Amino acid sequence: MKILLGSHGRLASGIKTSLEILIGGTDKLTVLDAYVDDFDIDRQLSDFFSAVAEDEQVLMLSDLYGGSVNQKMYLYLNRKNTFLVAGVNLALVLEVCMRDEIDEHDLEQIVRQAREMQRIVHYDSEPSIDEEDFF
């Protein structure tokens, strides 16, 4: 599986840096930091897909649903065995990078779990530590 993580600005590279700290490098992850230099996003996407085997699974991840990066990635969903998830967070990217392949059912579960990682944290002067709250 190949994973393409795209964002407005350097969010994608920042997430990749965090992954390198947590799990080491991963050669299945390619980042696309849009609008930070003269590289055309359409060209970057075209170059990425031209380097991927036709039968290889691709998971595209974008920072913002409906944003321009997401819209450009959307155009590649007609490719067989290709998925797109918008609104990524580190938990989601971490989970998919630790897998060799994925199906839509697994992807739905991963997205649900990643959403659960987003929450308001309140101070508790007498916390009860539950190991399930942490990785």
Side-chain angles (χ1 to χ4, degrees):
M1 173 173 61
K2 298 288 184 187
I3 301 170
L4 177 63
L5 174 59
S7 68
H8 298 80
R10 300 190 194 284
L11 177 64
S13 290
I15 290 175
K16 183 176 182 181
T17 301
S18 295
L19 285 174
E20 290 168 351
I21 291 168
L22 295 170
I23 62 171
T26 176
D27 58 350
K28 69 175 85 174
L29 178 67
T30 301
V31 297
L32 190 160
D33 291 329
Y35 313 118
V36 297
D37 52 30
D38 292 335
F39 289 108
D40 177 43
I41 187 171
D42 294 312
R43 178 63 183 212
Q44 289 175 300
L45 285 165
S46 176
D47 289 349
F48 171 81
F49 279 98
S50 67
V52 175
E54 190 173 312
D55 62 340
E56 195 162 20
Q57 186 176 55
V58 173
L59 175 58
M60 298 180 291
L61 306 171
S62 70
D63 58 351
L64 185 64
Y65 178 73
S68 58
V69 174
N70 183 257
Q71 291 176 31
K72 299 287 186 173
M73 289 176 155
Y74 173 83
L75 300 174
Y76 288 86
L77 282 178
N78 63 347
R79 182 187 177 278
K80 183 182 174 189
N81 209 11
T82 300
F83 301 97
L84 172 59
V85 175
V88 300
N89 62 20
L90 181 58
L92 186 140
V93 181
L94 177 64
E95 182 64 34
V96 297
C97 282
M98 294 173 54
R99 296 180 179 238
D100 293 325
E101 60 182 38
I102 202 162
D103 63 28
E104 193 162 349
H105 175 73
D106 292 337
L107 197 51
E108 287 175 10
Q109 286 182 312
I110 293 167
V111 168
R112 191 171 24 262
Q113 290 170 346
R115 284 184 190 139
E116 290 175 8
M117 296 301 294
Q118 294 178 320
R119 60 185 66 203
I120 297 171
V121 179
H122 297 279
Y123 178 76
D124 186 353
S125 62
E126 296 180 27
S128 62
I129 298 178
D130 184 357
E131 290 183 18
E132 290 183 17
D133 288 341
F134 301 94
F135 285 120

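None of these values were measured; they are calculated from a predicted model.
- Using a 4.5 Å cut-off between side-chain heavy atoms of Ile, Leu, Val, Met, Phe, Trp and Tyr, with links allowed through other members, Phe49 and Phe83 fall into different hydrophobic clusters.
- Under the 4.5 Å side-chain contact rule for hydrophobic residues, Val52 and Met1 do not share a cluster.
- Within 6.0 Å of NZ on Lys72 lie no more than 12 heavy atoms contributed by other residues, nucleotides or ligands.
- The neighbour count for Asp124 CG, taken as heavy atoms of other residues, nucleotides or ligands under 6.0 Å away, is above 12.
- To the nearest 0.5 Å, atoms CG (Leu90) and CG (Leu22) are separated by 6.0 Å.
- Linking Ile, Leu, Val, Met, Phe, Trp and Tyr residues whenever their side-chain heavy atoms come within less than 4.5 Å places Ile15 and Met98 in a single cluster.
- To the nearest 0.5 Å, atoms NE2 (His8) and OG (Ser62) are separated by 8.5 Å.
- Judged by distance alone, the side chain of Thr17 and the main-chain N or O of Ser13 form a donor-acceptor pair under 3.5 Å.
- When side chains are defined from C-beta on, Thr26 does not count as touching Lys16, because their heavy atoms never get closer than 4.5 Å.
- At least one side-chain heavy atom of Val96 sits under 4.5 Å from a side-chain heavy atom of Ile3.
- Met117 and Ala91 get closest at one heavy-atom pair: CG-CB, 3.7 Å.
- Within the 4.5 Å cutoff, no side-chain heavy atoms of Leu32 are placed close to those of Phe48.
- From Thr82, atom OG1 reaches atom CD of Glu56 across 10.0 Å, with rounding to the nearest 0.5 Å.
- Taking a cutoff of 4.0 Å between a charged side-chain nitrogen and a carboxylate oxygen, Glu95 and Arg99 qualify as a salt bridge.
- When Asp106, Leu92, Val88 are each tested for a side chain to side chain contact (heavy atoms under 4.5 Å, CB included) with Val111, only one passes: Leu92.
- Inspection of the Ser7 and Asp63 side chains reveals no N or O donor paired with an N or O acceptor under 3.5 Å.
- Distance check: Gln109 CD to Arg112 CZ gives 6.0 Å after rounding to the nearest 0.5 Å.
- Put simply, Leu11 and Tyr65 are part of two different groups of oily side chains (I, L, V, M, F, W, Y) that touch within less than 4.5 Å, one to the next.
- In the hydrophobic cluster analysis, where Ile, Leu, Val, Met, Phe, Trp and Tyr join through side-chain heavy atoms closer than 4.5 angstrom, Val85 is grouped apart from Val69.
- Between Ile102 and Gln57, the closest side-chain pair of non-hydrogen atoms falls below 4.5 Å.
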For this session: Could you please spell out the steps behind the side-chain contact (heavy atoms from CB on, under 4.5 Å) verdict for Val58 and Arg79?
Result: CA-CA 9 Å; Val58 173; Arg79 182 187 177 278; 3.5 Å; yes

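- Rounding to the nearest 0.5 Å gives a distance of 11.0 Å between CD of Gln113 and CG of Asn89.
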For this session: Start with the C-alpha distance between Ser68 and Tyr35, add both sets of side-chain angles, then the distance that settles side-chain hydrogen bond (donor to acceptor under 3.5 Å, both in side chains), and finish with yes or no.
Result: CA-CA 10 Å; Ser68 58; Tyr35 313 118; 2.8 Å; yes

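- Looking only at side-chain heavy atoms (C-beta outward), Leu59 and Lys2 stay at 4.5 Å or farther from each other.
- Residues passing the ring-ring contact (aromatic ring centres under 6.0 Å, His included) test with Phe39, sequence neighbours excluded: none.
- The minimum heavy-atom distance linking Ala86 with Leu64 is given by the pair CB-C, 4.3 Å.
- Across Cys97 and Leu19, no two heavy atoms sit closer than the pair SG-CD1, 3.8 Å.
- Between the CE atom of Met60 and the CG atom of Leu5 there is a distance of 12.0 Å, given to the nearest 0.5 Å.
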